[in-house]
**Student:** 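First the structure, which I've put down as structure tokens, then a few questions once you've had a look.
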Amino acid sequence: MEKKNCLILALDVTDRENALRIANEVSEYVDSIKVGYPLVLGEGLGIVKELAELAPVIADFKVADIPNTDRLICEHVFNAGADAIITHGFTGRDSLDSCVKVAEEYDRDVYVVTEMSHPGGVEFFRPVAETIAQMAADAGATGVVAPATRPERVRDIRKIIGDDLHIISPGVGAQGGSAADVINAGADWVIVGRSIYNSNSPADAAMKICNEMKC
Ligand code: NUP
């Protein structure tokens with residue numbers, strides 16, 4: 001994904017009309033639109049193609065299965081028009097390799113979750129986040145997902161992966177994280193959902209975050 005504004009919209013509304021309205025309003029401020037289960041379960045995978053006309057789409061399906069099932073999921077998602085997929089890493093190297101292989105075949109991107117941004121994200125992920133980050137680098141993933149709610153962890157993870165991998169970082173706004181702080185800590189993009197799509201003016205909210213980051 002091309003870096004212009006360092007902002008990714010997390011589009012977790014559940015209906016097509018709102019999704020397209022918000023995506024249209026903010027498209028000039030975001031480098032990508034992330035869709036996940038809420039919208040895809042609400043409207044079907046076809047929404048990916050519609051959104052992809054406005055911005056590259058990241059499919060946040062946190063893929064976490066055996067290699068063969070992961071392969072089938074990735075193929076489906078890339079065929080639907082997604083530019084990138086988010087996978088878990090705790091399922092192991094063979095599962096991740098399977099996703100990376102499909103992404104290479106389709107010339108698409110894979111981001112691997114390291115430590116999640118919510119309070120419970122430290123319970124199980126904390127002890128393995130660095131190992132997962134190293135595995136993502138070794139496996140040739142595009143980048144990792146790391147928590148904007150803990151910029152110090154973004155800094156730790158950046159040290160592990162170096163400059164070759166990208167860090168995309170959720171947890172800004174509604175979860176308490178600051179966009180400027182996490183960009184300063186080494187994130188390439190922030191992922192923002194509720195602070196934008198629940199705003200009376202999603203475009204103004206997105207513009208404010210862009211200005212704050214001065215990316
Ligand atoms: O660790 C993670 N935290 C997180 O919030 C990994 C994620 N993929 N996300 C997603 O980022 C979450 O599912 C949601 O789509 C988005 C953050 O949304 P919001 O808290 O800005 O509304």
Side-chain angles (χ1 to χ4, degrees), residues 1 5-15 18-19 22-23 26 29-43 47-48 51 55 57-64 73 77 82-91 99 109-130 132-133 136 141-154 156-158 166-183 185-199 202 205-206 208-210 212-213:
M1 125 180 77
N5 292 313
C6 301
L7 177 60
I8 297 168
L9 170 67
L11 194 50
D12 292 326
V13 296
T14 53
D15 68 288
N18 263 322
I22 293 163
V26 306
Y29 300 109
V30 301
D31 293 342
S32 173
I33 298 171
K34 183 180 82 64
V35 302
Y37 293 110
L39 181 54
V40 169
L41 292 177
E43 288 293 354
I47 192 74
V48 169
L51 292 169
V57 172
I58 301 177
D60 185 0
F61 291 148
K62 297 188 183 71
V63 183
I73 294 168
V77 164
D83 199 64
I85 194 158
I86 294 179
T87 76
H88 269 303
F90 61 75
T91 41
C99 294
D109 292 329
V110 174
Y111 296 93
V112 183
V113 175
T114 56
E115 179 176 301
M116 291 190 74
S117 59
H118 61 307
V122 300
E123 284 178 33
F124 296 101
F125 282 108
R126 172 61 55 88
V128 295
E130 273 100 339
I132 290 176
T142 314
V144 298
V145 185
T149 46
R150 293 176 220 105
E152 72 283 5
R153 294 298 287 152
V154 170
D156 293 341
I157 286 161
R158 174 58 78 197
H166 291 147
I167 298 180
I168 60 176
S169 188
V172 166
Q175 294 182 51
S178 143
D181 287 355
V182 76
I183 292 291
D188 294 286
W189 281 273
V190 294
I191 299 171
V192 185
R194 286 165 287 178
S195 300
I196 294 176
Y197 66 73
N198 282 340
S199 161
K208 219 172 128 193
I209 295 165
C210 291
E212 186 193 324
M213 291 189 290

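One-based numbering, in listed order, for ligands and for the atoms of each.
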**Student:** Does some side-chain heavy atom of Val77 sit less than 4.5 Å from a side-chain heavy atom of Phe61?
**Tutor:** yes
**Student:** Is there side-chain contact between Gln175 and Pro147, with heavy atoms separated by less than 4.5 Å?
**Tutor:** no
**Student:** ring-ring contact (aromatic ring centres under 6.0 Å, His included) with Phe124: which residues, sequence neighbours excluded?
**Tutor:** none
**Student:** Which atom pairs, nitrogen or oxygen on both sides, join ligand 1 and the protein at under 3.5 angstrom?
**Tutor:**
unit_1   : atom_1 : unit_2 : atom_2 : d
ligand 1 : 1 (O)  : Ser117 : N      : 2.9
ligand 1 : 3 (N)  : Ser117 : OG     : 2.6
ligand 1 : 5 (O)  : Ser117 : OG     : 3.4
ligand 1 : 5 (O)  : Gln175 : NE2    : 2.8
ligand 1 : 8 (N)  : Asp60  : OD2    : 2.8
ligand 1 : 8 (N)  : Lys62  : NZ     : 3.1
ligand 1 : 15 (O) : Asp12  : OD2    : 2.6
ligand 1 : 15 (O) : Lys34  : NZ     : 2.7
ligand 1 : 20 (O) : Gln175 : NE2    : 2.8
ligand 1 : 20 (O) : Arg194 : NH2    : 2.8
ligand 1 : 21 (O) : Gly193 : N      : 2.8
ligand 1 : 22 (O) : Arg194 : N      : 2.8
ligand 1 : 22 (O) : Arg194 : NE     : 2.8

**Student:** Considering only residues two or more places apart or on different chains, which pairs with a residue in residues 117-127 satisfy salt bridge (Lys or Arg N to Asp or Glu O under 4.0 Å)?
**Tutor:** Glu115-Arg126
**Student:** In residues 5-14, what donor-acceptor pairs under 3.5 Å come from side-chain atoms, sequence neighbours left out?
**Tutor:**
unit_1 : atom_1 : unit_2 : atom_2 : d
Asn5   : ND2    : Glu28  : O      : 3.2
Asn5   : ND2    : Tyr29  : O      : 3.1

**Student:** State, yes or no, whether a side-chain contact exists between Val145 and Lys62 at a heavy-atom distance under 4.5 Å.
**Tutor:** no
